[in-house]
Amino acid sequence: RVELVESGGGSVQAGGSLTLSCTASGSIARHAMGWFRQGSEKELEGVAAIAGGGGHNYADSVKDRFTVSKDNVNNIFYLHMENLKPEDTGMYYCASWRRDAKWANKDSYMFWGQGTQVTVTS
């Protein structure tokens, strides 16, 4: 079992930036990982992911604003968010050990963190 701990959430004004971190208890070097979010009264949605080979995927709503990256030495997965909008508000979750190519499908991931809250005010 791998434990994932998210950090970096907070409250920011629209147009601001935040970087979320996901620290894993095991090696992430060869594993696909993803970020998901759930806003109030919304379903869990895939935000961004990085494949084991390094390829990136992004939801249309965050393209050109969010960037994922991995630190394979320290086993940390990042989500850098710029030009934040109120609709980006939600609980953000890190997920790991994806079992197939469906990066935005929550059922594709084996392990999940507890989440970190992001609030964007207008």
Minimal heavy-atom distance between Tyr109 and Gly34, with the atoms involved, is CE2-N, 3.5 Å
Rounding to 0.5 Å, atoms CD1 (Ile76) and OG (Ser7) come to a distance of 8.0 Å
Sorted by chain and number, sequence neighbours left out, side chain to side chain contact (heavy atoms under 4.5 Å, CB included) with Gln117 holds for Thr89, Met91, Thr119
*Quick one: are Ser27 and Asn72 in side-chain contact, heavy atoms under 4.5 Å?*
no
query = So, Glu6 side chain and Thr116 main chain: donor-acceptor pair closer than 3.5 Å or not?
reply = no
Members sharing Met110's hydrophobic cluster, built from side-chain contacts under 4.5 Å between Ile, Leu, Val, Met, Phe, Trp and Tyr, are Val2, Leu4, Val12, Leu18, Leu20, Ile28, Met33, Trp35, Val47, Ile50, Tyr58, Val62, Phe66, Val68, Phe77, Leu79, Met81, Leu84, Tyr92, Trp97, Phe111, Val118, Val120
In terms of heavy-atom contacts, Ala59 and Gly46 come closest through CB-O, 3.5 Å
Sorted by chain and residue number, the ring-ring contact (aromatic ring centres under 6.0 Å, His included) partners of Trp112 (sequence neighbours excluded) come out as Phe36
More than 12 heavy atoms of other residues, nucleotides or ligands under 6.0 Å from CD of Glu87: yes or no?
yes
Of all heavy-atom pairs linking Asp88 and Arg65, the shortest is OD2-NH1, 2.7 Å
Inspect the surroundings of CG in Asp64 and state if more than 12 heavy atoms from other residues, nucleotides or ligands are less than 6.0 Å away. no
Closest non-hydrogen contact found for Pro86 with Ser122 is CG-CB, 3.9 Å
Between Ala29 and Lys70 the two heavy atoms that sit nearest each other are O-NZ, 3.3 Å
Minimal heavy-atom distance between Gln114 and Tyr93, with the atoms involved, is O-CE2, 3.4 Å
Lys102 and Asp107 ion-paired at < 4.0 Å: no
For this session: Check step by step if side-chain contact (heavy atoms from CB on, under 4.5 Å) holds for Ser108 and Arg99.
Result: CA-CA 5 Å; Ser108 297; Arg99 295 173 280 204; 5.5 Å; no
Is there a salt bridge (Lys or Arg N to Asp or Glu O under 4.0 Å) between Lys63 and Asp60? Walk through the geometry before answering.
CA-CA 5 Å; Lys63 276 180 183 176; Asp60 288 343; 3.2 Å; yes
Rounded to the nearest 0.5 angstrom, the NE2-OG distance for His56 and Ser69 is 7.0 Å
